[in-house]
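Atom set for the values below is all heavy atoms of this structure, side chains included, hydrogens, waters and symmetry mates excluded.
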Amino acid sequence: MIGVILAAGIGSRLRPLTNTKPKCLVQSAGRPILQYQIDSYVHAGVNEIIIVVGYEGQAVREYCKHIKDVNITIVENADYETTNNMYSLYLAMPLVMGRAFVLNNADLCIEREVVERLIMHPSSNAVAVSVGDYIDESMKVVVDADGEIIDISKQISQHAAYGCSIDFYKFSAEGSAVLFGEVRRVIEDEKNLKDWSEVAMQRLFSSGRLVSRPCDISGLSWVEVDNYYDLAASDRIFSKFDDVLEQIDTVVLDLDGTVYLGSIVVPGAAEAILELRRRGKQIFFVSNNSSRSKGEYICKLAGFGICAGLDELHLSTDALVAFLLAEKVGSVYVLGTSALVEAIASEGIATDSENPEYVIIGYDTELTYSKLEQACKYINSGADILATHEDVFCPSDNGPIPDAGALLEMIRVTTGKSSRRVFGKPSIDLIKPLVDAGTINPQRTLVIGDRLHTDMLMAKNLRSFGLLVLSGETTREHLETCDVQPDFVLNSLADIYIAICKELKVKSVQPLYALA
C-alpha cells in the first residue's frame, strides 16, 4: 500500500498566506497541513508516498527532503494553472497504476488514525466518509441498499446523501487499474484536463465498474482547509484548546487589541469574560499602557459591560513603582501622563527634582517638546532610563499611533542611551507578585493577547499557556513567519464561547461545541 497526495493547487482563498507558499505548507496548530497527512500515513505503516506538486512545488520539495520516516517521491504538474487534480493523478499513473494505494487531496488536517482506519476497512476499495454529515462544499456520497457507493458529487441533496467524503480514497491493485483506465479516457480521449478525480470515480461507481464502500471515520476529527474560517477551526480542533481550557484555573487577559480596540469593544469579549468567570476561572487584566490610572481602566471596562476589581488589574506602572520602592529611589523625572506621575508621586517619590536618579519613560499622550527636552537634559547629565514598556505603537480607532517604544528609540538616537530596565510585557514583572503569593499557578494559567512578542512571549517566560487572538495587531501572515509561536490561536475572545462549527460552517466531522 502506498500513498498518493495531490498538492498542485494554488489555494487562492488563503491569500495572502499562499502568496509565497503552497496551501499544503500553511500551518495549523503549529504544523503544516501536509504534515498531518504524512503523519497519518506513517502511523498506518505506509512507507512510500507520492506527492504531485505544482504551485510553489519547490517549497514542498525542500520541506520533504528532510523527512526520514517515509520514502517520498515528488511528481511535478507544470500545468497546474490550467488543469485540475485528475490531471495531477494522471501524472502519477506510471508510478501507481496497478498498485494498491490511498489517494487524498493535500488540503486536509486529519487525526493520524484516518489512514489506518481506511486501510483496515474490509472492503478492498473504500471511501473515507463522515457518515450523516452534510456540508455544501464537500463531496457527498450516495449508498445503495447493499452498502455500495453509487454516486459521489458536491451536488447530491441532503436527503440522498449518506455522508460527506473527506477526500481520502483506498483502491486495491485491481481497482487502481480500473480507476486509471477511466482517468486515461477522460484525459487522453476526451481531452478534459480540468475535472476532479472524483468525476472518474463517479462514472465508475454509478456504472458498477468499481465497487467501493464507505469507511465510517466517525469520532476522528478532520478539517478541509479552503479558507481562513477553516484554518481557525482546524487550529482549535488540533491544538486541543477546549481540553486544555478545562484544566485552566487562571486567565490573564491583555486589554487593547484583545478586549477592545481603542474605544470599541471586541464583539463577544464581554460575554466571553462572563463565561470564563461562570466556569470558575479567576481573571486578571494586564496592560503595558501606562497612560491611564487603574480607576480609568476600570471605568472603561465597565462601559463595555465588563466588571473588574482593582486587585484584578495589573499595569506596567505597578511593576515600575514596586521597583522604585524596593530600590528606595527618592526622585525621578517622568516622561509620561499625569496619571503616571500621580501613581509614582502617591508613593512618596519626588517627580520634580532637579537631580533625578532615573528618567521614567511611559506612553505619553500629553507629550510636549519641552518635556522631551527636559528628559534629554537629565539623561545627558547621567540619569538612567527606566521604561514602563517598549511597545513601538498603540492600536487606536484610527490605526497605530506612537507608543513608549517610539519615544525610547527617539531618545536613544538623540542621547545614545537605552533603558536600563523595562517592566511591561514580555517581562513577567506584572504577574510575578501573584505567582510569589501563590495566587496563580503558571502551569494552570492561560495568557490571552494579540501580540506575539509581548503577550505570547510573556506566556513563555511565565511557562504558561498562550492563546493568540487575531483581533488586534497580529495577523495570520505574521504568525506564519514569527519565531514566537502561541499554544493556541483563535480569531477573537468570542470564539471561547461560540460554537465555531455553527458560526463558521466548519468542514469537520467533529463539531466544535460551545464551551458553555
Margin query: Checking side-chain polar atoms at under 3.5 Å, does N85 have a donor or acceptor matched by the opposite partner on N105?
Written below: yes
Margin query: Working note: V223 + F238, criterion side-chain contact (heavy atoms from CB on, under 4.5 Å); need CA distance, chi angles, decisive distance, verdict.
Written below: CA-CA 9 Å; V223 179; F238 291 102; 4.2 Å; yes
Notebook entry, point to check: Do the side chain of Y41 and the main chain of V102 share a donor and acceptor less than 3.5 angstrom apart?
Noted result: yes
Next item on the list: Check for a donor-acceptor pair, side chain of Q282 on one end and backbone N or O of V251 on the other, with a separation under 3.5 Å.
Entry: no
Next item on the list: Answer yes or no: is there a side-chain heavy-atom contact under 4.5 Å between D249 and K281?
Entry: no
Margin query: Walk me through whether D133 and W222 qualify under side-chain contact (heavy atoms from CB on, under 4.5 Å).
Written below: CA-CA 12 Å; D133 201 8; W222 64 280; 4.1 Å; yes
Notebook entry, point to check: Is a donor on one side and an acceptor on the other found under 3.5 Å between the side chain of R444 and the backbone of Q247?
Noted result: yes
Next item on the list: Could you tell me whether the side chain of I38 reaches within less than 4.5 Å of the side chain of I72, counting heavy atoms only?
Entry: yes
Note to self: Tell me whether K300 is salt-bridged to D256, with the criterion being a basic N under 4.0 Å from an acidic carboxylate O.
What the structure shows: no
Check: Would you say the side-chain atoms of N288 and S316 include a donor-acceptor pair closer than 3.5 Å?
Finding: no
Check: Is the closest side-chain donor-acceptor distance between T337 and E366 under 3.5 Å?
Finding: no
Notebook entry, point to check: Short question: side chain of E409, backbone of A406 - any donor-acceptor pair under 3.5 Å?
Noted result: no
Item checked: Sub-6.0 Å ring centroid separation between F423 and F323 -> yes
Check: Do side-chain atoms of Q27 reach the backbone of E480 as a donor and acceptor pair under 3.5 angstrom?
Finding: no
Margin query: Whether E390 and R412 form a salt bridge (side-chain N of Lys/Arg under 4.0 Å from carboxylate O of Asp/Glu) is what I want to check.
Written below: no
Notebook entry, point to check: Can M86 and N84 be said to form a side-chain contact (heavy atoms from CB on, under 4.5 Å), step by step?
Noted result: CA-CA 6 Å; M86 189 193 299; N84 215 320; 5.7 Å; no
Note to self: Run I496 and I448 through side-chain contact (heavy atoms from CB on, under 4.5 Å) and show every step you take.
What the structure shows: CA-CA 11 Å; I496 288 181; I448 305 178; 4.0 Å; yes
Note to self: Within a 6.0 Å radius of atom CZ on R463, are there more than 12 heavy atoms belonging to other residues, nucleotides or ligands?
What the structure shows: no
Next item on the list: Could you tell me whether the side chain of N227 and the main chain of R13 form a donor-acceptor pair under 3.5 Å?
Entry: no
Notebook entry, point to check: For the atom pair CD1 (I33) and CG (L108), what is the distance rounded to the nearest 0.5 Å?
Noted result: 8.5 Å
Next item on the list: Indicate whether any N or O donor in one side chain lies under 3.5 Å from an N or O acceptor in the other, for S492 and S471.
Entry: no
Notebook entry, point to check: Does K154 pair with D136 as a salt bridge, N-O distance under 4.0 Å?
Noted result: no
Notebook entry, point to check: Is any side-chain N of the basic residue among E246 and K240 closer than 4.0 Å to the acidic one's carboxylate O?
Noted result: no
Item checked: Donor-acceptor under 3.5 Å (K68 side chain, H66 main chain) -> yes
Check: Can you list the residues that meet the ring pair (Phe, Tyr, Trp, His ring centres under 6.0 Å) rule with F284, with sequence neighbours excluded?
Finding: H314
Next item on the list: Could you tell me whether the side chains of H43 and S40 share a donor-acceptor contact shorter than 3.5 Å?
Entry: no
Next item on the list: Go through the steps to decide whether D216 and S218 satisfy the test side chain to side chain donor-acceptor pair (under 3.5 Å), and finish with yes or no.
Entry: CA-CA 6 Å; D216 187 0; S218 295; 2.5 Å; yes
Check: Is the shortest side-chain N to carboxylate O distance from D242 to R236 below 4.0 Å?
Finding: yes
Margin query: How close do G424 and L430 get, counting heavy atoms only, and between which atoms?
Written below: CA-CD1, 3.5 Å
Notebook entry, point to check: Which distance, rounded to the nearest 0.5 Å, do you find between the CG of D487 and the CG of L446?
Noted result: 8.5 Å
Note to self: Working to the nearest 0.5 angstrom, can you tell me the gap between L340 CG and L320 CG?
What the structure shows: 6.5 Å
Checklist line | Point-to-point distance, once rounded to the nearest 0.5 Å, from CG of D167 to CG of D107 | finding: 6.5 Å
Margin query: For D450, is there any backbone N or O sitting under 3.5 Å from a side-chain donor or acceptor partner on T474?
Written below: yes
Checklist line | R31 NZ/CZ over Y36 ring centroid, <6.0 Å and within 45° of normal | finding: yes
Next item on the list: Nearest 0.5 Å please: distance from the OG atom of S165 over to the CD1 atom of I149.
Entry: 8.0 Å
Margin query: Tell me whether the NZ or CZ atom of K140 lies within the 45° cone about the ring axis of Y134 and under 6.0 Å from its centre.
Written below: yes
Checklist line | Cation-aromatic face contact R451/F393, 6.0 Å, 45 degrees | finding: yes
Check: Would you find more than 12 non-hydrogen atoms of other residues, nucleotides or ligands less than 6.0 Å from M410 atom CE?
Finding: yes
Margin query: If you apply the rule side chain to side chain donor-acceptor pair (under 3.5 Å), what do you find for T83 with N77, and how did you get there?
Written below: CA-CA 9 Å; T83 63; N77 179 358; 3.1 Å; yes
Note to self: Quick one about H389 and D403 (side-chain donor to acceptor, distance below 3.5 Å, no hydrogens or angles considered), yes or no?
What the structure shows: yes
Next item on the list: For the residue pair F488 and F241, categorise the inter-ring angle as parallel (less than 30°), tilted (30 to 60°) or perpendicular (more than 60°).
Entry: perpendicular
Notebook entry, point to check: Angle class for the F304/Y260 ring planes (parallel below 30°, perpendicular above 60°, tilted otherwise)?
Noted result: tilted
Margin query: Using modelled atom types and a 3.5 Å cut-off, is there a donor and acceptor pairing between side-chain atoms of K170 and backbone atoms of L118?
Written below: yes
Notebook entry, point to check: Got a donor-acceptor contact below 3.5 angstrom from the E312 side chain to the G309 backbone?
Noted result: yes
Notebook entry, point to check: Is the shortest distance from a Lys or Arg side-chain nitrogen in R112 or D39 to a carboxylate oxygen in the other one below 4.0 Å?
Noted result: no
Checklist line | Distance-only polar pair, side chains of S464 and T445, donor-acceptor under 3.5 Å | finding: no
Checklist line | Any side-chain donor near an acceptor of the partner, Y55 and E81, under 3.5 Å | finding: no
Checklist line | Nearest heavy-atom neighbours spanning L313 and D318 | finding: O-OD2, 3.9 Å
Check: Looking only at heavy atoms, what is the nearest atom pair of I361 and A404, with distance?
Finding: CG2-O, 4.4 Å
Item checked: I428 to L462 - nearest heavy-atom pair and separation -> CG2-N, 3.8 Å
Note to self: If only side-chain N and O atoms count, and only distance matters, is there a donor-acceptor pair under 3.5 Å linking N104 with Q37?
What the structure shows: yes
Item checked: side-chain hydrogen bond (donor to acceptor under 3.5 Å, both in side chains): pairs with one or both residues in residues 453-462, sequence neighbours excluded -> K425-D455, H453-D483
Next item on the list: Can you measure from CG (D230) to SG (C109) and round to the nearest 0.5 angstrom?
Entry: 9.5 Å
